[in-house]
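Take a look at the structure below.
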Amino acid sequence: MCMQSQVLFSASDISGRVRALGAEISEWARGLPEPPVMLWLAEGAVVFAADLMREIGCDMQVVSLKVSSYGASLKSSGTLRYSRDFCEFAGKNILLVDDISDTGLTLREITGKLKDSGALQVKTCTLLCKPGKCAGARRPDFVGFDAPDSFVFGYGLDFSGRFRNLPDIRILTKE
Ligand code: PRP
């Protein structure tokens, strides 16, 4: 196999955008009566969330949520299961953080469950958004970069379970 890729967003591009997102989110959080909860989605958001939380200049609770699908079906099948009970977020303001909004289904589903469970505001934040693909889906409230509808990996996003630890985001040019 001769896999080829090129850098789409460098570590330096990313750190600049994460800093700016942190400032925007801090402004939102400072207007709240109580510290919000940053709910980040494992595994893909691990690197983004770790960097983003340190750019947010106010107190927050930080918790992770593991999302997986039943059986061998894809997440887009709509049959998802979660590592936490959404009831714990009743009465809280939530910042839902993920690495990428691809079709937008994951964020839409989790936002709906949080609201059904009594969460107050639910703001969504992704480092990447594929606007061409998620037509009809709600754009996240805070977006780092728009991305092309191509396979991307690095900075938390995997390629067959690997390469999450790359400091840049790369785009696959040849598999
Ligand atoms: C990826 C990504 C998002 C989701 C986005 O997760 O981390 O959670 O897909 O897709 P959507 O907008 O089409 O719903 P993945 O299933 O690859 O798991 P991972 O986070 O463990 O990498």
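Both counts, for ligands and for their atoms, begin at 1 and track the order of listing.
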Inset, instruction - State, with a plain yes or no, whether a side-chain heavy atom of F9 is found less than 4.5 Å away from one of Y155. - result: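 Answer no - side chains too far apart.
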
Inset, instruction - Could you check if a side-chain atom of L127 sits within less than 4.5 angstrom of a side-chain atom of V18, using non-hydrogen atoms only? - result: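 Result yes, sub-4.5 Å side-chain heavy-atom pair found.
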
Taking distance alone, with no angle check, do [X] and ligand 1 share an N/O pair under 3.5 Å?
| X | answer |
| --- | --- |
| G44 | yes |
| S101 | no |
| G104 | yes |

Strictly distance-based, threshold 3.5 Å: is any side-chain N or O of [X] a donor or acceptor partner for the main-chain N or O of [Y]?
| X | Y | value |
| --- | --- | --- |
| R84 | S64 | yes |
| R138 | G104 | no |
| D13 | S10 | yes |
| S26 | I56 | no |

As an exercise, identify every atom of ligand 1 less than 4.0 angstrom from a heavy atom of [X].
| X | value |
| --- | --- |
| D158 | 22 (O) |
| D99 | 2 (C), 3 (C), 7 (O) |
| I100 | 2 (C), 3 (C), 5 (C) |
| T103 | 11 (P), 12 (O), 13 (O), 14 (O) |

Legend entry - Taking every non-hydrogen atom, the tightest pair across C125 and L21: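 Closest approach of C125 to L21: SG-CD1, 4.4 Å.
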
Legend entry - Mode of E109 contact toward ligand 1 - side chain, backbone, both, neither (heavy atoms, under 4.0 Å):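 Neither; nothing of E109 gets under 4.0 Å from ligand 1.
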
Legend entry - Options D98, V46, L128, T106, ranked by nearest heavy atom to atom 3 (C) of ligand 1, top entry: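 The option holding the nearest heavy atom is D98.
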
Legend entry - Whether K130 lies under 4.0 Å from ligand 1, heavy atom: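 No heavy atom of K130 comes that close to ligand 1.
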
